[in-house]
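Comments concern the structure below.
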Amino acid sequence: MVILHLGGGEYFGLDEVAARVWELIASPATVGEIERTLLSEYDVEASECASDLDSLLASLDERGLIEILDADSADDS
């Protein structure tokens with residue numbers, strides 16, 4: 001899967017798991033919900049899943065492709 005950042009005109013390639021995360025965040029979801037889904041679909045240790053997911057989300061956020069809200073901000077939306 002490839003994502004185009006419309007604001008910057010950059011393309012970002014996603015592997016299979018990152019593409020699945022992208023599908024899961026198409027609708028607002030908590031990090032815990034995403035992690036539970038990945039753990040049920042892939043053969044991965046929970047600690048590795050959590051670490052890799054945090055890194056991916058931070059990278060997408062840093063590039064302006066997603067917005068991460070804490071629970072209080074999400075309640076205010």
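In what follows, residues are counted from 1 in the order of the sequence shown. Predicted model, so just to flag it, every value in this text is computed and none were measured.
Rounding to the nearest 0.5 Å gives a distance of 11.0 Å between CG of Asp15 and CE of Met1. Atom CZ of Arg20 sits about 10.0 Å away from atom CD1 of Ile34, to the nearest 0.5 Å. Between the CD atom in Glu41 and the CZ atom in Arg36 there is a gap of 13.0 Å [rounded to 0.5 Å].
Side-chain atoms of Trp22 and Ile66, non-hydrogen and from C-beta on, do get closer than 4.5 Å to each other. Between Leu39 and Glu45 there is no side-chain heavy-atom pair separated by less than 4.5 Å. In this structure, the side chains of Val17 and Tyr42 come closer than 4.5 Å at one or more pairs of heavy atoms.
Hydrophobic clustering (side-chain heavy atoms under 4.5 Å, transitive across Ile, Leu, Val, Met, Phe, Trp, Tyr) keeps Leu24 apart from Leu69.
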Under 3.5 Å, which donor-acceptor pairs do the side chains of residues 48-59 form with other protein atoms, sequence neighbours left out?
residue, atom, partner, partner atom, Å
Ser55, OG, Ser51, O, 3.1
Ser59, OG, Arg63, NH1, 2.3

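Side-chain atoms of Glu33 come within 3.5 Å of backbone atoms of Thr30 as a donor-acceptor pair (strictly under, hydrogens ignored).
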